[in-house]
Protein chains: 2
Amino acid sequence: MSLNSFKCCPIDNTFKIIGKKFTMHIIRNMAMKEHTRFNQFLDHIEEINPKTLSARLKEMEKAGLISREVYDETPIRVEYHLTNKGKDLQGILLQMAAFSMKHYPKQVFKDGKARTVKQVFNISSPKLN
Amino acid sequence: MSLNSFKCCPIDNTFKIIGKKFTMHIIRNMAMKEHTRFNQFLDHIEEINPKTLSARLKEMEKAGLISREVYDETPIRVEYHLTNKGKDLQGILLQMAAFSMKHYPKQVFKDGKARTVKQVFNISSPKLN
DNA sequence: CGGAATCCTGAGAGATACTG
DNA sequence: CAGTATCTCTCAGGATTCCG
């Protein structure tokens with residue numbers, strides 16, 4: 001199976017979906033911290049502002065990475081959840097975590113000692129689809 | 001092992017290194033097409049221009065992802081190669097490819113049929129460090 | 001060949017205030 | 001609570017030319 005079977009580059013395509021600032025941070029907080037709500041993201045994502053957060057959430061919903069559900073209570077409640085497609089980004093997320101945990105232990109860990117993803121998240125290598 | 005051992009987020013840290021436009025494209029061409037030279041990147045990376053390419057290469061060298069070697073011939077020859085650290089980004093690269101190959105087969109493949117990374121690259125899941 | 005130097009532009013991000 | 005509405009502004013990136 002050769003590279004000739006490609007019409008466009010899958011890496012370029014993926015980058016267009018997740019490459020914008022904060023997109024992976026939102027995915028991270030949904031996948032690893034189980035955050036679901038607007039102000040939760042706003043309060044816990046480094047340096048994000050409501051305008052940008054709103055824009056990212058809309059893009060991600062349009063791309064099918066997340067779902068948006070409105071609960072008509074007072075006060076209103078809106079929850080965002082990862083779709084199965086969004087969950088498939090966890091492989092990228094873990095590889096990203098692994099890279100910094102290996103190469104930047106002093107910045108990443110309080111005690112400065114490197115750890116593996118398996119140690120921290122108790123997870124094994126994500127399958128390649 | 002809990003999330004409390006983190007000083008800063010490894011995903012955020014990685015994103016700061018590879019999140020800029022074209023960085024992963026350069027890594028891709030080095031890792032998968034064995035490109036090594038300035039004009040090779042310039043000619044084969046979609047929409048890049050010399051100024052941005054130059055900036056990315058410098059950042060990447062400074063970050064220790066690539067090495068720069070000058071061969072004093074006429075005309076001068078300069079080669080860029082992935083360091084071991086740069087090679088450790090291949091796991092992310094493969095996960096990125098896998099995502100689009102699974103979810104966007106019609107955009108990615110000429111025949112529109114999904115393939116796995118294993119089928120295309122004859123490679124198994126990258127290890128998580 | 002491998003860039004550096006300019007100049008230019010606009011998308012996108014930041015800050016803040018406001019609203020249903 | 002979950003967003004809009006402005007308004008400002010920077011700087012990443014594009015286009016082009018030139019240089020050792």
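All values below come from the heavy atoms of this structure, side chains included, with hydrogens, waters and symmetry mates left out. Numbers restart at 1 for each chain; the letters A, B, ... are given by sequence-line order, proteins then strands. Not measured: the values here are computed from a predicted model.
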Using the side-chain heavy atoms of [X], tell me which of these nucleotides is nearest: [options].
X: A:Asn49; options: C:dG14, C:dG2, D:dG13; answer: C:dG14
X: B:Lys58; options: D:dT4, C:dA4, D:dA15; answer: C:dA4
X: B:Asn39; options: D:dA2, C:dC1, C:dG3; answer: C:dC1
X: A:Lys21; options: C:dG2, D:dG13, C:dG14; answer: C:dG14

Could I get the full list of side chain to side chain contact (heavy atoms under 4.5 Å, CB included) partners for [X], not counting sequence neighbours?
X: A:Glu69; value: A:Ser67, A:Tyr71, A:His81
X: B:Arg68; value: B:Glu61, B:Val70, B:Val78, B:Tyr80
X: A:Asp111; value: A:Phe109, A:Lys113, A:Arg115
X: A:Ala98; value: A:Val117, B:Leu128

Exercise. For B:Tyr80, which contact category applies under a 4.0 Å heavy-atom criterion: base, sugar-phosphate, or nothing?
Worked result: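 Sugar-phosphate: the residue B:Tyr80, judged by heavy atoms under 4.0 Å, touches backbone atoms but no base.
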Considering just the side-chain nitrogens and oxygens of [X], establish if one lies under 4.0 Å of OP1 or OP2 belonging to [N].
X: B:Thr52; N: D:dG14; value: yes
X: B:Tyr71; N: C:dG2; value: no
X: B:Ser54; N: C:dA4; value: yes

For this session: Return the angle between end axes of the helix from C:dC1-D:dG20 to C:dG20-D:dC1, with five pairs used per end and rounding to 10°.
Result: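 Its terminal axes enclose an angle near 60°.
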Exercise. Do any pairs count as a salt bridge (Lys or Arg N to Asp or Glu O under 4.0 Å) and have a residue in residues 4-20 of chain A, sequence neighbours left out, and if so which ones?
Worked result: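 Output for this query lists A:Asp12-A:Lys16, A:Lys20-A:Glu59.
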Exercise. Do the non-hydrogen side-chain atoms of B:Arg56 and B:Phe41 ever get within less than 4.5 Å of each other?
Worked result: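 No, too far: nothing below the 4.5 Å cut-off.
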For this session: Find which nucleotide of DNA chain D each of B:Ile76 and B:Arg56 is nearest to by heavy atoms, and output the residue with the more 5' nucleotide.
Result: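 Its nearest nucleotide lies further toward 5', so the answer is B:Arg56.
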